Protein chains: 2
Amino acid sequence: MTNWEECLTEAGCRITASRRAVAQVLLDISAPISPQELFELGTLIHPKLGLVTVYRTLALLESLGLVRRIHRDDGCHAYLSSSPGHRHALVCRRCGQAVEFRGGDDLETLARRVEATTGFQVDDHLLQLAGLCPGCQDR
Amino acid sequence: MTNWEECLTEAGCRITASRRAVAQVLLDISAPISPQELFELGTLIHPKLGLVTVYRTLALLESLGLVRRIHRDDGCHAYLSSSPGHRHALVCRRCGQAVEFRGGDDLETLARRVEATTGFQVDDHLLQLAGLCPGCQDR
DNA sequence: GTTAATGCAAATTCTTTGCACTGCT
DNA sequence: AGCAGTGCAAAGAATTTGCATTAAC
């Protein structure tokens, strides 16, 4: 979501201080973050920020594909800034740092195999990997 | 979770009417189901069933690996009866029917590739497929 | 100047907890 | 009989909605 301002403008939405705060937090911390946490960090940037606006902004960004909703171990609702296109998240179990990667052929192969086995027609998938990032592997 | 009674007994838990109702609903409907829905269907079998018990029973079954918590499009918290071992869910977009499948080598290949690209050490994954089941493909 | 966006408070929904009672084993 | 399990009611979180005010364009 590098050029989120452009995306919002194209969608006919306004660039406001609240939205800037939310976007900045999402970009600064490249880890999945809950609405509550985002609110707390966002308040440091824009003290008037309200939790309600965080929810609304996340919904907006998600509908534009700028943010992805993902699973976190301690619950369900965390958001991660994302690039457009179909990517997947890889989250570090220890520090929460996250990166994105593209699916590739392996996933296609797997989908075709499952189609053959089950008779289903597979047309969407949700994939999330977890592990240790380079910095966290030594400890 | 075909022999859930045995699993519960081994774990030192009792077989009760409430647990039977929850288990029966989970086995009958092989689709992801929310606690609320499960409560409504369960009440038909065992009218005294309470929503609280549904939550508690789901938590118990999940801790024994008899039930899997999965993502559903309309929210996050749905449960699916599952076999032991590491399997993944394939859910029909139209009727909700779900089946399980094993990961296989493709997923391993993908994980190794992502490790090489990112430097992460990948040790866990969450994969869910969606599509149309054989019965829903014609319409 | 218009109208989208905000933030507060209140409403709803979802989930957990405390506690006396019930019913497996 | 003894204690795990239950269900109610109430507490606590998480999320959404109504509405007057603010600020982007």
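Being a predicted model, the structure only gives us computed values, none of them experimental. Each chain gets a letter, A, B and so on, in the order the sequences are listed, and its residues count up from 1.
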* Structure fact -> Rounded to whole Å, the NE2-P distance (H46(B) to dT6(D)) equals 8 Å
* Structure fact -> If each end axis of the helix from dG1(C)-dC25(D) to dT25(C)-dA1(D) is fitted on five C1' pair positions, the angle between them, to 10 degrees, is 40°
* To do: Mind calculating the distance between OH (Y55(B)) and P (dT6(D)) to the nearest angstrom?
  => 16 Å
* To do: Round to a whole Å and report the spacing from CZ of R19(B) to C1' of dG5(D).
  => 6 Å
* To do: Measure the shortest side-chain to side-chain distance between L107(A) and H125(A) over non-hydrogen atoms and say whether it is less than 4.5 angstrom.
  => yes
* **Q128(B) side chain to V91(B) backbone, donor-acceptor under 3.5 Å** => no
* Report yes if the side chains of R19(B) and E5(B) come closer than 4.5 Å at any heavy-atom pair, otherwise no. => no
* **Upstream residue (5' side of DNA chain C) when T53(A) and P35(B) are each assigned their closest nucleotide** => T53(A)
* To do: Please report, rounded to the nearest Å, how far the P atom of dT6(D) is from the CG atom of L58(B).
  => 12 Å
Between side-chain atoms of residues 53-62 of chain B and protein atoms elsewhere (two or more places apart, or another chain), which donor-acceptor pairs fall under 3.5 Å?
residue: T57(B); atom: OG1; partner: T53(B); partner atom: O; Å: 2.7

* Asked: Is there a donor-acceptor pair under 3.5 Å between the side chain of E37(B) and the backbone N or O of A78(B)?
  -> no
* Structure fact -> For S81(A) and V67(A) the tightest heavy-atom approach is CA-CG2, 4.0 Å
* Asked: Between dA14(D) atom C1' and E40(A) atom CD, what is the distance in whole Å?
  -> 14 Å
Listing, residues 108-118 of chain A side-chain donor-acceptor contacts under 3.5 Å, not counting sequence neighbours, or none:
residue: E108(A); atom: OE1; partner: R112(A); partner atom: NH1; Å: 2.4
residue: T109(A); atom: OG1; partner: D105(A); partner atom: O; Å: 2.9
residue: R112(A); atom: NE; partner: E115(A); partner atom: OE1; Å: 3.0
residue: R113(A); atom: NE; partner: D106(B); partner atom: OD2; Å: 3.1
residue: R113(A); atom: NH2; partner: G103(B); partner atom: O; Å: 2.7
residue: E115(A); atom: OE2; partner: V122(A); partner atom: N; Å: 2.7
residue: T117(A); atom: OG1; partner: R113(A); partner atom: O; Å: 2.7
residue: T118(A); atom: OG1; partner: V114(A); partner atom: O; Å: 2.7
residue: T118(A); atom: OG1; partner: F120(A); partner atom: N; Å: 3.2

* With sequence neighbours left out, what residues match Q36(B) under side-chain hydrogen bond (donor to acceptor under 3.5 Å, both in side chains)? -> E40(B)
* Round to a whole Å and report the spacing from CG of L38(A) to P of dT15(D). => 12 Å
* For nucleotides 17-25 of chain D, just jot down a letter per nucleotide in 5' to 3' order: B, S or -, based on protein non-hydrogen atoms under 4.0 Å. => B-----BBS
* Asked: At what distance, to the nearest 0.5 angstrom, does CG of L8(A) lie from CD1 of I15(A)?
  -> 4.5 Å
* Between H88(A) and F101(A), how do the two ring planes meet: parallel, tilted or perpendicular, split at 30° and 60°? -> tilted
* Asked: Atom CE of M1(A) and atom CG of L80(A): how far apart are they, to the nearest 0.5 Å?
  -> 10.5 Å
* Asked: Where does the chain B footprint on DNA chain C start and end, counting 5' to 3' with a 4.0 Å heavy-atom cut-off?
  -> dC14(C) to dT25(C)
